[in-house]
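Bear in mind the structure is a predicted one, so any value in this text is a computation, not a measurement. Numbers restart at 1 for each chain; the letters A, B, ... are given by sequence-line order, proteins then strands.
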Amino acid sequence: MQFMLLFSRQGKLRLQKWYVAHPDKAKKKITRELITTILARKPKMSSFLEWRDLKIVYKRYASLYFCCAIDQEDNELLTLEVIHRYVELLDKYFGSVCELDIIFNFEKAYFMLDELVVGGEVCETSKKNVLKAIAAQDLLQEDEAVEGALREIGLY
Amino acid sequence: MSSIKQVINEAVEKGKEVYDKVRQPNPIRLRDLIRQIRSAKTAAEERSVVNKECAAIRLTFREEDSVWRCRNVAKLLYIHMLGYPAHFGQMECLKLIASPRFTDKRIGYLGAMLLLDERQDVHLLITNSLKNDLKSPTQFVQGLALCTLAAIASPEMARDLADEVERLLKSSNAYIRKKAAICAVRIMSKVPELLEMFLPATRNLLSEKNHGVLITGITLITSMCVQSPDTLDHFKKTVGNLVRILKNLVMAGYSPEHDVQGVSDPFLQVKVLKLLRILGRGDGQASETMNDILAQVATNTEATKNVGNAILYETVLSIMDIQSETGLRVLAVNILGRFLLNVDKNIKYVALHTLLKVVHQDNQAVQRHRTTILECLKDADITIRRRAMELCFALINPSNVRTMMKELISFLETAETEFKAVCSSKCVTAAEQFSPNTRWHIDTLLKVIIAAGNSVPDDVVACTIQLIAESGEAEQQYAVAELWQRLSAAPLDTQPLLQVATWVCGEFANFLSLVGGGVSEGEVVAVYQRILWSSQCSAVTKQYAITSSMKLASRMPGTNSLVAQMVSAYGSHLNVELQQRGVEYTQLFTRYDSMRGPLLERMPPFERSRLRVSQDAAAANAAAAAAAAPLANGLHNNNNNDAVAAVQAPSQSDSNALLDLLGGLDDSANDVPVQVKSAPLPPAGTGSLNSDILDLLGGLGGGGGGDSGGTLISRTVNNGGILDTGLGSASNNLLDDLLNNSSSNLNNSTLANNTINSTNSLPVSTLPSSDEYGSLTIYERNNLRLVMTFQRQDSLTTITLTATNSSTSCNITDFLFQAAVPKSLQLQLLTPSSTSLAPAASLTQFIRVNNPNKAVLRMKLRLSWFADGVKIEDQNEVNNFPPALWQY
């Protein structure tokens, strides 16, 4: 996978993950171009489009579009499953996820993606393991927060 | 004194006040900022909220405040996503990463992945932090560092941290091992020579139980195999293991942890299938080992859901790519056939895409699904239509050409503009290849020109004219009747149709009297006037029309005075080309009226010159060219009058251009940079290169020379001029220049796709069609794609190599392609059209292979280039050339 974009039906970018380096300007151009192209497509069309030398796989979940750019030899149908897996994970984590969850907790959405896909490749196929890793890291943060609060009032 | 003190005190007080006002004691929370930004009603309002917050964030950054750094960077990342500049946060991310708190590191690494990329200089700083964190006792800190490295590693970082990653790849912790494996993939792709270092660590990866480690391990091995052929051989022994893994997945009962709608770990299955494909390609023994399991997966996977189809799709690709049994291949094509009938657009698309890949191996099996494929031409989805169109052209054969062409032309009528050029060119090629008779052929080409309107590439116009010129009288008469009808009724905004029609009606004006009840001279002139005075017609169309009207005048003497009037009016036209024509032709009506008849004689049919190895043909052409030269010079010497010299300018400058070409060729003949590899070519080999170019030129001279004063000739002259300069630098650019000239209205990408088609349909060099061999992608890595297309003439195969820079930002320079073939074959590499590639640009290089013994064609490749200044070298072996290249 070369990059992944999440954007709303209004064309607002909600999450971007790049696994191949581009200058900032190029990223913006690519994002803008893809968002316009995809939003212009009709619902009955396939989820794939050929764009430059990449294959774009996208899927809409409620008001959010999930869009991945993959290489020519990658499996489009499986990429749909990767997207779906990501949505399932977000759903489990937030409890029936909606666009607002991702807007206000965008960093959590990134953390989740980083446990599922590393460097553009799927690195964990068990939902349970991903959620376990995320929960453990959240716990680490909570401990630090408690510790910080205690220190502030001089109890630590 | 006291007043000064007071003033100072007051100033200090004021300063403090201002400072407190700007500096918010507690920066607002991320959540509140997002809320504020979202409640902004206009873009300007949003901008002002963001700018205010950015100013506050900058201020706290400047104060080196570490308490709120994490919160501020998080806010900055949100602002960055909205499209505002946020690079001033880069250093803060690094500071967060260096912090001992996990919360800070988590946001810091996230920021690093978003705000830094390979190109940033701050990498030196991040490398140190990464090195420390890779050694951290906390697995999640190690995990963050690995994840970041895998996303943004530059070659320098890859070199510096490879040791650490290699160590972690052997860690006892699965969570770390799986991430380290992906890191290794990234490191290898940045610095290929580090591959060896990770090789020992892969040994245990395939006996792993944890699916995360297993899938990343397979990813690592796959990328190693793709990267180096030696490593590929090394991993052949793992085929057994992979088959076992796949078998366990397919046979094992329900496991809730890895189940996706009744399929056990599809992600892993697809990865295994892909690696099996790479290992089984061109290896009979390995292919046999995996035959059974592929059959099992193909029959046992449930096809009702997308996930099952994803696996079936991958299985089909593997079956078709390895040396599998015939029965299995039939099974695979049938799976695709079922896909085609699926209501799911995605599955349909995938089916078309894959059929297109396999159609050259198994045409008959694909033919069975022709009706369904034709249906897809009408699909609502443009991607599906494009695929269906390509597939249709691959399916055309002599027995179905009539029905297929009918469907394709009706597709062409309603197709998007972006399709029309490609589709019409392909129609022309297919018609030429399979036409049952000339009448049908002419009909088809005319229909194509009408259907494609102004999107018709120039070569299609030339092709149609050539076809009519060389057909029999009955066909010409038919064409005149058809085209006269179009010409008299057609709207004036479809240029290609007008061009063909005027050319034909002028050249064969004598048949006009036989059309319907006979066309009167007045009617004809009226039509020409309409074209010549219309503002809708392009200059090129008018060039066709004005020359055509001259021919008309010599065939229908009654039109003389009217034509002379029209022509003389053009003597002051703004367009130089048309003005020149106007002046020249006026001279023909006045001072040189006696020469008008002979000069405007009917053109002899163009000779179709083919790329031939035969030296006789070349010699004949050279002789013809030599004969043409003194003639032109003689004319020039005899007439000192400028105007008349201008009349002859076409033929003269044409032959001069021709001579220049030949001259340029002679000069460069010795240093034509030809690389001969593997087997030295006999002298005839180099001779054949020259003769082929001569041959082409012969075609050019023959086509142009006959049409003295014709419109075509002015184009030829233009071509000649450009060719001339092109030749000075690199004689082998000849073909490319020709292509560029003849289809300059095609954009680059279509041109690249279509190079061969345009070559085919050019009157100057009609090559045997390439479609029957299809195209072969021989290399697709490191942002470079190499595609070959083939033409064969007896034992000589001409391969057109198209190299495309598939990256979106990286510039390729000093591209060098070297190849070797088995001893019994002879190989000749011509100079590429360029050695550098901008993003998404392509270059072409012609390769000739002489294969007199009909041996199996194989090729070893060595490639090198600089990608943004970084040298990349690679090699590859191609074993899957279409067998039709030597089995004939």
Mind listing the closest non-hydrogen atom pair of Tyr110(A) and Met81(B) along with its distance?
OH-SD, 3.9 Å
Backbone N or O of Tyr19(A) within a donor-acceptor pair of the Arg186(B) side chain at under 3.5 Å?
yes
Heavy-atom distances under 4.5 Å only: say whether Leu114(B) touches chain A with side chain, backbone, both or neither.
both
Do Arg38(B) and Ile103(A) have side chains that get closer than 4.5 Å, going by heavy atoms?
yes
Among Ala145(A), Gly119(A), Ser47(A), residue most engaged with chain B (heavy-atom pairs, under 4.5 Å)
Ser47(A)
Interface moiety of Phe102(B) toward chain A, non-hydrogen atoms closer than 4.5 Å
both
Mind running side chain to side chain contact (heavy atoms under 4.5 Å, CB included) on Lys345(B) and Met45(A) for me, showing each step along the way?
CA-CA 6 Å; Lys345(B) 290 273 147 90; Met45(A) 293 185 171; over 6 Å; no
Closest non-hydrogen atom pair, Tyr349(B) against Glu50(A):
OH-OE2, 2.7 Å
Lys179(B) bridged to Asp114(A) by N-O distance under 4.0 Å:
no
Less than 4.5 Å to any heavy atom of chain B: does that hold for the side chain of Glu142(A), its backbone, both, or neither?
neither
So, the part of Ala840(B) with a heavy atom under 4.5 Å from chain A: the answer is neither
So, are Lys42(A) and Asp381(B) salt-bridged, with charged N and O less than 4.0 Å apart?
no
Lys271(B) with Glu121(A): basic N within carboxylate O range, under 4.0 Å:
yes
Could you walk me through whether Thr138(B) and Leu140(A) pass side chain to side chain contact (heavy atoms under 4.5 Å, CB included), step by step?
CA-CA 10 Å; Thr138(B) 318; Leu140(A) 267 181; 4.2 Å; yes
Which region of Asn105(A), side chain (C-beta onward) or backbone (N, CA, C, O), has a non-hydrogen atom less than 4.5 Å from a non-hydrogen atom of chain B, or is it both or neither?
side chain
Quick one: which of Asn129(A), Val118(A), Ile30(A), Val57(A) has the most heavy-atom pairs under 4.5 Å with chain B, could you say?
Val118(A)
What part of Ser806(B) is in contact with chain A, defined as an atom under 4.5 angstrom from a non-hydrogen atom: side chain, backbone, both or neither?
both
Which heavy atom of Asp138(A) sits nearest to which heavy atom of Arg106(B), and what is that distance?
OD1-NH1, 2.8 Å
Counting heavy-atom pairs under 4.5 Å to chain A, which of Phe140(B), Tyr175(B), Tyr109(B) comes out on top?
Phe140(B)
Go through the atoms of Val185(B) and report whether side chain, backbone, both or neither lie under 4.5 Å from a heavy atom of chain A.
neither
Please classify the contact between Lys59(A) and chain B as side chain, backbone, both or neither, with a heavy-atom cut-off of under 4.5 Å.
neither
Region of Lys274(B) in contact with chain A, defined by heavy-atom distances below 4.5 Å:
side chain
Which answer fits Thr777(B), side chain, backbone, both or neither, if we ask what part of it has an atom under 4.5 Å from a heavy atom of chain A?
neither
Proximity breakdown for Val270(B) and chain A, heavy-atom pairs closer than 4.5 Å
side chain
So which of Gln72(A), Arg14(A), Gln2(A), Lys29(A) has the largest heavy-atom pair count under 4.5 angstrom toward chain B?
Arg14(A)
Measure Leu77(B) against the heavy atoms of chain A and call it side chain, backbone, both or neither at under 4.5 Å.
both
Short question: side chain of Asn346(B), backbone of Leu77(A) - any donor-acceptor pair under 3.5 Å?
no
Would you say the side chain of Phe48(A) lies within less than 4.5 Å of the side chain of Val350(B), judging by non-hydrogen atoms?
yes
Identify whether the distance between the nearest side-chain nitrogen and carboxylate oxygen of Lys105(B) and Glu144(A) falls below 4.0 Å.
no
Minimal heavy-atom distance between Lys28(A) and Gly83(B), with the atoms involved, is NZ-O, 3.0 Å
Within residues 78-88 of chain A, which positions have a heavy-atom distance to chain B below 4.5 Å?
Leu78(A), Leu80(A), Glu81(A), Val82(A), Arg85(A)
How about Leu49(A) and Ile382(B): do any of their side-chain heavy atoms sit closer than 4.5 Å?
no
Quick check on the interface: out of Arg386(B), Glu314(B), His353(B), who has the most heavy-atom pairs with chain A under 4.5 Å?
Glu314(B)
Based on non-hydrogen pairs under 4.5 Å, which of Leu214(B), Ile182(B), Thr216(B), Asp104(B) is most in contact with chain A?
Ile182(B)
One should read off an interatomic distance between Met113(B) CE and Gln16(A) CD, to the nearest 0.5 angstrom, of 12.5 Å
So do the side chains of Ile215(B) and Val122(A) get within less than 4.5 Å of each other, counting heavy atoms only?
yes
Counting only non-hydrogen atoms closer than 4.5 Å, does Phe106(A) touch chain B with its backbone (N, CA, C, O), its side chain (CB onward), both, or neither?
side chain
Start with the C-alpha gap between Tyr313(B) and Glu76(A), add the side-chain angles, then the distance that decides, and say whether side-chain hydrogen bond (donor to acceptor under 3.5 Å, both in side chains) holds.
CA-CA 9 Å; Tyr313(B) 171 39; Glu76(A) 301 92 327; 2.9 Å; yes
Locate the shortest heavy-atom distance separating Thr383(B) from Ser46(A); write the atom from each residue and the value.
OG1-OG, 4.3 Å
Contact part of Asp265(B) toward chain A, heavy-atom cut-off under 4.5 Å: side chain, backbone, both or neither?
side chain
Apply side chain to side chain contact (heavy atoms under 4.5 Å, CB included) to Thr804(B) and Asp53(A), showing your working.
CA-CA 9 Å; Thr804(B) 313; Asp53(A) 59 324; over 6 Å; no
Most contacts with chain A, counted as non-hydrogen pairs under 4.5 angstrom, among Val307(B), Val260(B), Leu268(B):
Val307(B)
Heavy-atom pair count under 4.5 Å with chain A, highest-scoring of Ala151(B), Ala310(B), Cys183(B)
Ala310(B)
Does any heavy atom of chain B fall under 4.5 Å from the side chain of Leu5(A), the backbone, both, or neither of them?
neither
Measure His87(B) against the heavy atoms of chain A and call it side chain, backbone, both or neither at under 4.5 Å.
neither
Where do Lys128(A) and His258(B) land on the side chain to side chain contact (heavy atoms under 4.5 Å, CB included) test, with the steps shown first?
CA-CA 9 Å; Lys128(A) 206 180 74 192; His258(B) 297 112; over 6 Å; no
Which bit of Lys17(A) is near chain B, if near means a heavy-atom gap under 4.5 Å: side chain, backbone, both or neither?
side chain
Check each atom of Arg387(B) against the heavy atoms of chain A and say whether the ones under 4.5 Å are side chain, backbone, both or neither.
side chain
